[in-house]
Amino acid sequence: NASLVDVVNFEVAVASEVLLTPRLHFTARADETAEITGLEPGAKYLVRARAHLRGQSEGNPAAWSNLTDDGLFCTAEAAPAAEPPPPPP
């Protein structure tokens with residue numbers, strides 16, 4: 001609920017690692033679409049998240065929700081190719 005939450009923090013672990021230690025942390029605004037960069041296309045990851053209460057200090061541990069227990073296993077896709085520039089006039 002974006003009226004209660006201002007940002008969401010994602011922890012990303014490589015799915016093939018035994019301990020599933022997060023290797024990447026990514027924070028995004030709760031009211032916008034975001035893309036986690038720096039992932040290897042085709043690689044499998046475990047993504048877990050926590051939310052931050054709107055209007056609270058990010059340094060306040062009580063303002064953050066608990067990290068999701070299970071998370072979501074997913075496979076990174078390649079970024080779409082950039083459109084070529086238009087031809088010169």
**Study point:** Contact summary for Ala34 and Ala28, nearest pair of heavy atoms
**Key:** CB-CB, 3.5 Å
Review point. Does Asp70 offer a backbone N or O that forms a donor-acceptor pair with the side chain of Thr68 under 3.5 Å?
Key: no
Check your understanding: What residues form a salt bridge (Lys or Arg N to Asp or Glu O under 4.0 Å) with Arg29, not counting sequence neighbours?
Key -> Asp31, Glu32
Point to revise | Heavy-atom closest contact (Ser57 atom, Ala63 atom, distance) | key: O-CB, 3.8 Å
**Study point:** Heavy-atom side-chain contact between Arg23 and Glu17 under 4.5 Å
**Key:** yes
Review point. Between Arg54 and Val5, which heavy-atom pair has the shortest distance, and what is it?
Key: NH2-O, 3.1 Å
Check your understanding: Any donor and acceptor pair, going by atom type alone, linking the side chain of Trp64 with main-chain N or O of Ala51 inside 3.5 Å?
Key -> no
**Study point:** Smallest separation among heavy atoms of Thr21 and Ala13, with atom names
**Key:** O-CB, 3.5 Å
**Study point:** Working for side chain to side chain contact (heavy atoms under 4.5 Å, CB included), residues Glu40 and Tyr45
**Key:** CA-CA 10 Å; Glu40 181 180 332; Tyr45 296 93; 3.6 Å; yes
Review point. Is there side-chain contact between Asn9 and Glu11, with at least one heavy-atom pair below 4.5 Å?
Key: yes
**Study point:** Within-4.5 Å side-chain heavy-atom neighbours: Ser65 and His52
**Key:** no
Check your understanding: How far apart are the C-alpha atoms of Val12 and Ile36, what are their side-chain angles, what is the distance that settles it, and do they pass the side chain to side chain contact (heavy atoms under 4.5 Å, CB included) test?
Key -> CA-CA 9 Å; Val12 182; Ile36 300 175; 4.1 Å; yes
**Study point:** Leu24 vs Leu39 side-chain heavy atoms within contact, under 4.5 Å
**Key:** yes
Review point. Are Phe26 and Val47 in one and the same hydrophobic cluster, where Ile, Leu, Val, Met, Phe, Trp and Tyr link if side-chain heavy atoms are under 4.5 Å apart?
Key: yes
